Structures are given as C-alpha cells and as structure tokens.
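Every value quoted in this text rests on a predicted model; they were computed, and no experiment measured them. Keep in mind that the numbers below use all heavy atoms, side chains included, and drop hydrogens, waters and symmetry copies.
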Amino acid sequence: MGRITIFSLNQCPHCIRVKAIFNSLNWEYYNISLDEYPEKKDDMLKISDRLTVPQVFFGEQHLGGASDILNLEKDGKLLHMYKKLVLGQSIPTTPELQKPSNKEKQN
C-alpha cells in the first residue's frame with residue numbers, strides 16, 4: 001500500500017485538524033514533524049512550492065494544505081484520491097518524502 005505523508009508542526013491547529021480527518025477515516029499517515037526535523041522544511045518547499053503547514057501528499061502527489069484537504073473531503077473527492085493514489089500503490093521513495101535517518105540527524 002502507498003502512503004499518506006504529512007509535513008506538519010506539532011501544535012499547528014490546521015495540522016491537527018487534517019490529522020483528525022485521517023484518523024476518523026482510519027487512514028494511517030507518515031508524519032514528518034518540522035518541529036523534530038526542521039531541516040525538512042526545505043524539502044517540503046521544494047516539492048510543494050509552499051511554506052505553510054500542513055502539506056499533504058498521497059504517494060508522491062501533492063494534494064495541498066488544510067483548506068485543500070477540507071475541500072476535497074467536503075466535495076466527496078478525498079476517498080477517490082485515496083483509492084487512486086494510496087491503495088495498491090508503492091510507498092514513495094522520493095528522498096524529500098522521507099524522514100532523515102538517525103545517522104543523518106546526528107551530523
């Protein structure tokens with residue numbers, strides 16, 4: 001199965017809201033906390049062209065931020081996107097969508 005990746009900040013209300021949507025749907029997600037990995041902000045900007053959080057990816061497809069996710073859910077398109085871009089897909093291998101390894105974090 002593919003993966004939902006969320007770039008977030010721990011206390012961000014918009015991030016919390018998006019995660020709550022995915023939790024209510026029982027959809028697992030891979031959280032890249034910019035509190036824990038501040039160096040990942042450059043990667044987030046590179047692949048989303050946005051500085052705000054959250055930034056959500058289904059597989060390697062950027063879906064957008066909180067308002068984008070809320071609109072997709074309201075319009076009934078979020079489940080379709082999930083089925084198309086997450087279910088039956090591979091976990092993304094793009095380096096920007098990965099947490100730094102412990103070795104990298106120590107350097």
Side-chain angles (χ1 to χ4, degrees):
M1 181 161 75
R3 182 174 77 200
I4 298 170
T5 303
I6 305 173
F7 287 87
S8 70
L9 291 169
N10 295 340
Q11 299 302 315
C12 164
H14 305 291
C15 301
I16 292 168
R17 189 171 183 188
V18 165
K19 291 176 191 177
I21 290 170
F22 295 145
N23 287 334
S24 72
L25 296 167
N26 292 316
W27 293 353
E28 293 183 21
Y29 53 86
Y30 183 77
N31 185 53
I32 299 177
S33 169
L34 298 180
D35 293 307
E36 188 173 347
Y37 305 108
E39 67 275 19
K40 294 300 287 182
K41 187 173 186 176
D42 290 338
D43 287 343
M44 180 189 76
L45 176 60
K46 178 181 175 183
I47 59 177
S48 70
D49 199 30
R50 296 189 189 176
L51 281 171
T52 59
V53 289
Q55 292 303 319
V56 178
F57 292 79
F58 278 14
E60 295 186 358
Q61 177 72 42
H62 179 235
L63 295 187
S67 60
D68 300 303
I69 299 303
L70 294 170
N71 286 333
L72 286 169
E73 182 192 33
K74 183 179 87 177
D75 295 343
K77 296 178 182 177
L78 193 61
L79 179 59
H80 172 73
M81 303 276 301
Y82 178 78
K83 288 178 180 178
K84 179 180 176 185
L85 299 170
V86 178
L87 294 181
Q89 302 296 320
S90 301
I91 292 176
T93 58
T94 306
E96 291 83 4
L97 291 171
Q98 311 305 318
K99 294 178 187 174
S101 69
N102 289 336
K103 182 178 179 184
E104 290 173 355
K105 193 170 182 191
Q106 291 172 358
N107 292 331

| query | Going through the distances and angles, do R50 and H62 end up as a side chain to side chain contact (heavy atoms under 4.5 Å, CB included)? | reply | CA-CA 11 Å; R50 296 189 189 176; H62 179 235; 4.0 Å; yes
| request: Could you walk me through whether Y30 and Q98 pass side chain to side chain contact (heavy atoms under 4.5 Å, CB included), step by step? | output: CA-CA 9 Å; Y30 183 77; Q98 311 305 318; 4.2 Å; yes
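Here the shortest heavy-atom pairing between V18 and A66 reads CG2-CA, 3.6 Å. The two residues C15 and P54 have their closest heavy-atom pair at SG-N, 3.6 Å. Smallest separation of non-hydrogen atoms from Q55 and G65: OE1-N, 3.8 Å.
V56 has its side chain within reach of F22: a pair of non-hydrogen atoms, C-beta onward, lies under 4.5 Å apart. Looking at heavy atoms from C-beta onward, D43 lies out of side-chain contact with I32 at the 4.5 angstrom threshold. I4 places none of its side-chain heavy atoms less than 4.5 Å from the side chain of L63. Side-chain atoms of V86 and R3, non-hydrogen and from C-beta on, never get closer than 4.5 Å to each other.
Sequence neighbours left out, not one pair with a member in residues 76-87 passes side chain to side chain donor-acceptor pair (under 3.5 Å).
Just one of T5, L97, D42 meets the side chain to side chain contact (heavy atoms under 4.5 Å, CB included) condition when paired with I47; it is L97.
The salt bridge (charged side-chain N to carboxylate O under 4.0 Å, His left out) test applied to K74 returns no partner, not counting sequence neighbours. Residues passing the salt bridge (charged side-chain N to carboxylate O under 4.0 Å, His left out) test with E60: none are found, sequence neighbours excluded. For R17, there are no salt bridge (charged side-chain N to carboxylate O under 4.0 Å, His left out) partners at least two apart in sequence or on another chain.
Linking ILVMFWY side-chain heavy atoms closer than 4.5 Å, directly or via other members, places M1 and L25 in a single hydrophobic cluster. In terms of hydrophobic clustering, with Ile, Leu, Val, Met, Phe, Trp and Tyr side chains grouped at heavy-atom distances under 4.5 Å, L79 and L85 are assigned to a common cluster. Cluster annotation: L34 is not connected to L51 through the hydrophobic network of ILVMFWY side chains, with a link wherever side-chain heavy atoms come within less than 4.5 Å.
The local environment of CG in D75 is crowded, with over 12 non-hydrogen atoms from other residues, nucleotides or ligands closer than 6.0 Å. Around atom NZ of K40, more than 12 heavy atoms belonging to other residues, nucleotides or ligands sit under 6.0 Å away.
Members clustered with I91: none, using a 4.5 Å side-chain heavy-atom cutoff among hydrophobic residues.
Relative ring orientation between W27 and F58 is described as perpendicular, the plane-to-plane angle rising above 60° on a 0-90° scale split at 30° and 60°.
The distance from atom CG of L72 to atom CE of M81, rounded to the nearest 0.5 Å, is 6.0 Å. The distance from the CG atom of L78 to the CG atom of D68 is 11.0 Å, given to the nearest 0.5 Å.
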Exercise answer: donor-acceptor pairs, residues 7-14 side-chain atoms, under 3.5 Å, sequence neighbours excluded:
from: S8; atom 1: OG; to: K19; atom 2: NZ; distance (Å): 3.2
from: S8; atom 1: OG; to: N31; atom 2: OD1; distance (Å): 2.6
from: N10; atom 1: OD1; to: S33; atom 2: OG; distance (Å): 3.1
from: N10; atom 1: ND2; to: D35; atom 2: OD2; distance (Å): 3.3

